[in-house]
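Below you'll find the structure, written out as structure tokens, and then a few comments.
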Amino acid sequence: MAPSCSPVNSLHVAVIGAGAAGLVAARELRRESHSVVVFDRGTEVGGLWVYTPQSEPDPLSLDPARTVVHSSVYDSLRTNLPRECMGYSDFPFVPRPEHDESRDPRRYPNHREVLAYLRDFAREFKLVEMVRFGTEVVLVEQEGRKWKIRSRNSDGVSRDEIFDSVVVCNGHYTEPRVAQVPGIDVWPGKQLHSHNYRVPDPFKDKVVVVIGNFASGSDISRDLTGVAKEVHIAARSKPSETYEKLPGANNLWLHPMIETARKDGSIVFKNGKVVQADAIVHCTGYIYHFPFLNTNGYITVEDNCVGPLYKHVFPPALAPGISFVGLPWMTLLFTMFELQSKWVAAVLSGRVTLPSQEKMMEDTNALYAKRDANGFPKRYTHRLGVVAQVDYLKWIADQIGEPPVEQWRNQELEGGYVRLATQPDSFRDKWDDDHLIVEAYEDFLRQKLISAIPSQILG
């Protein structure tokens, strides 16, 4: 629906999480004149981008009683996409030479640079004053037409508060998904999920099997080649005859998925190859997890499909009282966080209206039907991809009267994913789209978001 001319409501809104989604949600809510409290169990802004050398005591993170470490960042992590396309629309993610030497000016910077950018963003827009650090949300439930939040601070003291609305931005890189491997219960080696991987040192001179070949799997396997004796990647998407020695290292092989794990320590791949392995690293992704949320069974997570949600954001029967920012993946994440947040803020203020509950449910069911007709599993419900994400972000922008995402930004995303898939050992340092970098910086300059285009960009 188009923006309306109805009077603007100012609501008391809770935001769960002070990462990249929660920060921009807080900013957009405050811009729309809402009063905002952000809850975060950490000690600083940044969410998953706050690196810690600590990992969880349960290396597979399956024990529900374990001490949870929020971050999944490993020490060598660099971004998967060029920095120009990653930033918020009015605060570009450009190198900031006025800062100290710890900053990383590369086009694909390390995780510390992303955290520094988020700190800069929070400082620029005075967001930290809204955040209650060291405060975990343990319960969210309706109370009449409002929402009760029970939180617990670092001293263990609980507190109940009432809000008009809740925006869930708690991220989805904390609760691991682990591969089901036949025979794994009797296999004697060590297992680890990438959530608990930090540095390669513990794998020195070991034979390691890495399950998964997308972003983290590709990264971690190459990180391991510097110290491990052998690294074998098991990729579910590869044909059963796959057996390939990968470039960039002399101890890295690509296989199809594992056929079975054996009691004698061997791993049998579906191509028939057998290796005696010391360790398995599961780079198999994460599941959406909202342990604090009580909607009497209305919102569910089934095979990683959170639903029902209208446009991945609003549960039809509970909208707009509760909303989710940041669920879809394979998209321009920070851009999506910002547009979703603008939409939520405008809906809450009454500037933009949602369709009826019936219409939202009809649209949501149509999405599920299309997914099923295309043969995609439920766990791909929130997967956008380079084509669908353009339409999705344009749709949200249209709702709130915002211009569509810049073409150069979408082109950088598309090219970035192609390079990630075709040159995984070099995509962060070799590219062929310098013209898009220039276009991005010219755009930033035209909007007065930067004072000049750096000479190295024009050169």
Side-chain angles (χ1 to χ4, degrees), residues 12-27 29-30 34-75 111-112 114-123 125-141 143 146-176 193 195-198 286-294 322 324-326 337:
H12 189 40
V13 184
V15 174
I16 302 175
L23 288 174
V24 75
R27 185 187 73 164
L29 287 161
R30 188 171 64 183
H34 301 298
S35 128
V36 183
V37 176
V38 182
F39 296 87
D40 196 279
R41 57 186 170 189
T43 58
E44 61 174 307
V45 301
L48 74 90
W49 293 102
V50 179
Y51 174 79
T52 173
Q54 296 173 321
S55 59
E56 296 180 4
D58 173 8
L60 285 176
S61 297
L62 296 176
D63 180 1
R66 72 190 187 278
T67 301
V68 175
V69 174
H70 187 61
S71 181
S72 297
V73 169
Y74 38 94
D75 188 54
H111 58 85
R112 295 172 182 84
V114 182
L115 178 60
Y117 167 76
L118 293 173
R119 287 171 175 161
D120 289 342
F121 179 75
R123 189 181 308 113
F125 295 99
K126 298 179 172 55
L127 304 177
V128 175
E129 63 197 38
M130 291 188 275
V131 184
R132 287 190 203 158
F133 293 109
T135 307
E136 181 179 7
V137 172
V138 295
L139 178 66
V140 174
E141 64 182 9
E143 187 154 297
K146 295 182 183 288
W147 290 82
K148 179 174 78 175
I149 283 195
R150 178 169 298 152
S151 61
R152 184 169 54 226
N153 67 18
S154 53
D155 295 325
V157 178
S158 294
R159 174 182 179 185
D160 288 0
E161 296 168 86
I162 301 298
F163 291 86
D164 297 306
S165 181
V166 179
V167 185
V168 180
C169 308
N170 69 321
H172 44 90
Y173 295 98
T174 297
E175 199 69 17
H193 190 277
H195 174 63
N196 294 307
Y197 178 87
R198 295 295 182 267
Y286 297 84
I287 59 175
Y288 298 100
H289 190 53
F290 312 102
F292 50 80
L293 188 58
N294 176 22
I322 189 166
F324 295 77
V325 168
F337 299 159

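Predicted model, so just to flag it, every value in this text is computed and none were measured. Count residues from 1 along the sequence.
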Exercise. What distance separates Asp40 CG from Cys169 SG, expressed to the nearest 0.5 Å?
Worked result: 10.5 Å
For this session: For Phe133, check ring pair (Phe, Tyr, Trp, His ring centres under 6.0 Å) against everything at least two apart and list the hits.
Result: none
Seminar exercise, completed: Tightest non-hydrogen contact, residues Val69 and Ser55, listed as CG2-C, 3.8 Å
For this session: Indicate yes or no: at least one non-hydrogen side-chain atom of Val128 is less than 4.5 angstrom from one of Val45.
Result: yes
Exercise. Can you list the residues that meet the side-chain contact (heavy atoms from CB on, under 4.5 Å) rule with Val50, with sequence neighbours excluded?
Worked result: Glu44, Leu115
Exercise. CD1 of Ile287 to CD of Glu175: how many Å apart, nearest 0.5 Å?
Worked result: 5.0 Å
Problem set entry | Residues which pass side-chain contact (heavy atoms from CB on, under 4.5 Å) with Phe121, listed by chain and number, not counting sequence neighbours | Leu23, Val24, Arg27, Tyr88, Phe91, Phe125, Leu127
Problem set entry | Point-to-point distance, once rounded to the nearest 0.5 Å, from CG of Leu48 to CG of Leu118 | 9.0 Å
For this session: Decide yes or no for Val68 and Thr174: does some side-chain heavy atom of the first lie under 4.5 Å from some side-chain heavy atom of the second?
Result: yes
Exercise. Heavy-atom distance under 4.5 Å between the side chains of Val140 and Ile16, does that happen here?
Worked result: yes
Problem set entry | For the student: nearest non-hydrogen atoms of Ala26 and Val38, plus distance | CB-CG2, 3.7 Å
Problem set entry | Results of side-chain contact (heavy atoms from CB on, under 4.5 Å) for Ser61 - residues two or more places apart only | Glu56, Arg66, Pro176, His195, Asn196
Exercise. Distance-only, no hydrogens or angles: does the Asp58 side chain make a donor-acceptor pair with backbone N or O of Leu60 under 3.5 Å?
Worked result: yes
Exercise. Val167 versus Leu29: any side-chain heavy-atom pair under 4.5 Å?
Worked result: yes
Problem set entry | Test side-chain contact (heavy atoms from CB on, under 4.5 Å) applied to Ile162 - qualifying residues, sequence neighbours left out | Glu143, Lys146, Lys148
For this session: Kindly assign one of parallel, tilted or perpendicular to the pair Phe290 and Phe292, based on the angle between their ring planes and the thresholds 30° and 60°.
Result: perpendicular
For this session: Apply ring pair (Phe, Tyr, Trp, His ring centres under 6.0 Å) to His34 and list each qualifying residue two or more places apart in sequence or on a separate chain.
Result: none
Problem set entry | Set of ring pair (Phe, Tyr, Trp, His ring centres under 6.0 Å) partners for His70, sequence neighbours left out | none
For this session: Give a yes or no answer on whether the side chain of Asn294 reaches the backbone of Glu141 with a donor-acceptor pair at less than 3.5 Å.
Result: no
Problem set entry | Non-hydrogen atoms of Ala25 and Val15 that approach each other most closely | CB-CG1, 4.5 Å
Exercise. How would you list, by chain and number, every residue that makes a salt bridge (charged side-chain N to carboxylate O under 4.0 Å, His left out) with Glu136, sequence neighbours excluded?
Worked result: Arg41, Arg152
For this session: Kindly write out the residues that satisfy ring pair (Phe, Tyr, Trp, His ring centres under 6.0 Å) with His111, not counting sequence neighbours, or none if the list is empty.
Result: Tyr51
Problem set entry | ring pair (Phe, Tyr, Trp, His ring centres under 6.0 Å) between His172 and Tyr286, intermediate numbers included | CA-CA 7 Å; His172 44 90; Tyr286 297 84; 8.4 Å; no
Exercise. Do the side chains of Leu293 and Pro291 get nearer than 4.5 Å, heavy atoms only?
Worked result: no
For this session: Examine the side chains of Tyr173 and Ser71 and answer whether a donor and an acceptor come within less than 3.5 Å of each other.
Result: no
Exercise. So how far is it from Phe163 CZ to Trp147 CH2, rounded to the nearest 0.5 Å?
Worked result: 13.5 Å
Problem set entry | Pairing residues for Arg198 by the side-chain hydrogen bond (donor to acceptor under 3.5 Å, both in side chains) criterion, not counting sequence neighbours | none
Exercise. Are any non-hydrogen side-chain atoms of Val166 and Val13 less than 4.5 angstrom apart?
Worked result: no
For this session: Could you tell me which residues satisfy salt bridge (charged side-chain N to carboxylate O under 4.0 Å, His left out) with Asp63, sequence neighbours excluded, listed by chain and number?
Result: none
Seminar exercise, completed: For Arg159, the salt bridge (charged side-chain N to carboxylate O under 4.0 Å, His left out) test, sequence neighbours excluded, returns Glu161
Exercise. With respect to Lys126, which candidate in Met130, Arg123, Glu129 satisfies the side-chain contact (heavy atoms from CB on, under 4.5 Å) definition?
Worked result: Glu129
Exercise. Checking Asn153 side chain against Thr135 main chain: does a donor-acceptor pair fall under 3.5 Å?
Worked result: no
